Amino acid sequence: MKKLAPATLIGFFAFTVVLFNLFVVPFSKAETTLRYANFPPAPTFPCVQMERWAKEVEKRTNGEVKVETFPGGTLLGASNMYEGVASGIADIGLSCPAYMPGRFPLMAGIDQPVGFKSCEVSSHVFWKLVKEFEPKSISNFKLITVFTSAPSYIATIKPVRNLEDLHGLQLRAAGNMVATLDALGAAPIGMPMSELPEALQKGVVKGYAASLEVLMDFKFAEIVKYVADYSLGTVSFAVLMNKAKWDSLSPSVQKVINDLSEEQAVWTGQYMDNHVEKAVKWAKAEEGLQILDLSGEEKSRWAKRLQPVIDKYVDDTEEKGLPGKRFLDRLYELKAKYEK
Ligand code: DTR
C-alpha cells in the first residue's frame with residue numbers, strides 16, 4: 001500500500017478537527033445555563049455547598065448543564081432572594097426561611113431549640129420532613145435541597161455562664177432565634193449573617209448566636225472570646241428553583257438534580273460538622289477562645305425557659321391549621337434515628 005505523505009496526514013487530521021468543531025461540539029456543549037444566587041461571601045459554607053452542587057450537576061449531566069454561581073449577594077441578597085427567584089432574576093437561589101419568621105410557619109419547626117448536636121443529623125432530618133410534609137410556603141418553587149446550619153451557640157465578648165450574665169445582653173441572632181434569646185432574657189437583635197461583622201465591630205452587639213464555624217470564617221474570634229456550651233436551634237436553608245425554569249429542563253437533567261437532593265443535604269451537614277471542628281480548634285489555638293461549660297442545674301434552667309418557645313411553635317401552627325405537632329413528633333423520631 002502506498003504510504004501517505006506526512007503533509008497529507010496532517011491535512012486529514014486538521015480536516016477532522018474542523019468537522020468535529022463544526023458539527024459535534026455545538027451539540028455536545030452546555031445547552032442550559034443555570035444562574036444560582038447566594039447571599040453570604042464565597043468561602044462560607046452555604047457557598048461551598050453551592051459550588052459542590054454546581055460541579056456535581058455539570059459532571060453528572062456530562063456538561064449539558066452549566067451552573068453559573070453568584071456568591072456574596074452579587075445577584076440577589078438575603079432579603080430579596082425569594083422574590084428574585086420567583087421572578088426569574090436568578091434560576092436558583094439559596095433562601096434562608098429562618099431570616100423571615102412567620103413566612104414559613106411549618107418549616108420553622110426544624111429551628112426550634114430541640115438540642116441538635118450535629119449538622120449532618122439536623123440537615124438530614126430537615127430533608128426528610130420537607131419531603132414528608134411538603135410545606136405550602138415553598139410549593140411555588142422546585143425544591144433543590146435543604147440543609148441547616150450547625151447548631152447555634154451564644155458567643156460573647158464577656159463570659160456568659162448563666163442566665164444572670166445573659167440578662168439584657170444585646171446579641172445578634174437570625175430572625176428565627178430572636179424568640180429563643182428573648183426567652184433566655186437577652187436583648188436580641190435580628191439580622192442576617194452578612195450584617196454581623198459591622199455590628200460587632202461597631203459594638204452595636206456584644207455577641208451573637210450562630211453556628212461555630214463563623215468564629216473562623218468571619219474571624220469573629222478576634223472579637224468574641226467565649227462560647228456558652230448550650231446548643232440552641234439551627235438556622236434552616238432551602239435551595240429553590242424557579243418553577244418555569246425547572247419545567248423547561250429535560251427529564252434526564254431533572255433526574256440528575258432529583259437524585260442529588262438528599263445526598264446534597266447530607267454532604268452539606270458532614271462538611272459543616274468537620275468545618276466547625278476545625279474552626280473551634282483554630283479559635284482556641286489562635287485567639288484564646290474558651291468554651292464555657294454550664295452546670296447541670298444551669299442547663300435545666302435554660303431548658304425550662306426554652307420549652308415555652310417550642311410549645312408556642314405548636315400553638316401558632318395549629319392555630320393556622322398546620323400540623324406543627326405532627327411535624328415536631330416526627331422531628332424527634334428522625335433525630336433519634338439518625339443520632340444512633
Ligand atoms: N447561623 C445562621 C446561618 C449561618 C451559619 N453560618 C453562616 C455563614 C454564612 C451565612 C449564614 C450562616 C445565622 O446565624 O445566620
Side-chain angles (χ1 to χ4, degrees), residues 36-52 69-74 76-79 81-82 93-101 103-104 107-108 110-114 116-120 122-123 126 145-156 170-181 186 188-200 204-205 207-221 223-224 227-228 230-239 265 268-280 282-283:
Y36 189 151
N38 214 322
F39 65 90
T44 60
F45 93 99
C47 293
V48 171
Q49 73 75 36
M50 166 173 77
E51 295 302 334
R52 188 265 173 178
T69 56
F70 296 86
T74 43
L76 292 168
S79 52
M81 192 62 75
Y82 198 74
L94 179 81
S95 89
C96 188
Y99 286 170
M100 303 168 198
R103 185 142 176 192
F104 304 88
M107 283 161 78
I110 190 70
D111 295 326
Q112 298 307 308
V114 294
F116 278 114
K117 291 275 161 51
S118 136
C119 187
E120 180 183 345
S122 52
S123 295
F126 189 29
T145 192
V146 295
F147 52 87
T148 72
S149 69
S152 297
Y153 293 81
I154 292 173
T156 46
Q170 283 152 322
L171 298 177
R172 172 272 170 188
N176 69 333
M177 214 165 287
V178 166
T180 301
L181 291 184
I189 305 174
M191 69 175 81
M193 182 58 76
S194 33
E195 290 172 23
L196 178 54
E198 198 183 330
L200 258 184
V204 174
V205 292
Y208 59 80
S211 46
L212 297 177
E213 93 292 352
V214 296
L215 288 164
M216 179 169 78
D217 289 357
F218 286 90
K219 299 277 184 291
F220 291 150
I223 301 178
V224 300
V227 166
Y230 191 98
S231 158
L232 300 169
T234 57
V235 175
S236 51
F237 293 89
V239 182
T268 305
Q270 286 170 345
Y271 166 81
M272 186 62 159
D273 286 334
N274 290 328
H275 195 57
V276 162
E277 210 180 301
K278 219 162 83 186
V280 170
W282 173 87

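Order of appearance sets the numbers: ligands from 1, and atoms from 1 within every ligand. As the structure is a prediction and not an experimental result, all values here were calculated from the model. Starting from 1, each residue takes its place in the sequence as its number.
Protein heavy atom closest to atom 2 (C) of ligand 1, with residue, atom name and distance, is V235 CG2, 3.3 Å.
Counting heavy atoms under 4.0 Å from ligand 1, residue R172 touches it through the side chain alone. Residue contacts with ligand 1, taken as heavy atom pairs separated by less than 4.0 Å, involve E213 solely via side-chain atoms from C-beta onward.
Judged by distance alone, with hydrogens and angles left aside, the side-chain atoms of N38 form no donor-acceptor pair with the main-chain N or O of L94 at under 3.5 Å.
By the 4.5 Å heavy-atom criterion applied to side chains, H275 and V48 are not counted as neighbours. Looking at heavy atoms from C-beta onward, C96 lies in side-chain contact with V235 at the 4.5 angstrom threshold.
Rounding to the nearest 0.5 Å gives a distance of 8.5 Å between CG of L212 and CE of M272.
The heavy atom nearest to atom 15 (O) of ligand 1, out of those in F45, Y99, F237, is found in Y99.
Using the six-membered ring where Trp is involved, F147 and F237 have ring planes that are parallel, under 30° apart on the 30 and 60° scheme.
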task: Please assess L196 against F218 for the test side-chain contact (heavy atoms from CB on, under 4.5 Å), listing each intermediate value before the final yes or no.
output: CA-CA 9 Å; L196 178 54; F218 286 90; over 6 Å; no
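The ligand atoms of ligand 1 that sit less than 4.0 angstrom from a heavy atom of P40 are 9 (C), 10 (C). For ligand 1 and V214, the ligand atoms under 4.0 Å from any heavy atom of the residue are 6 (N). Interface of S211 with ligand 1, defined as ligand atoms under 4.0 Å from a residue heavy atom, comprises 1 (N), 5 (C), 6 (N).
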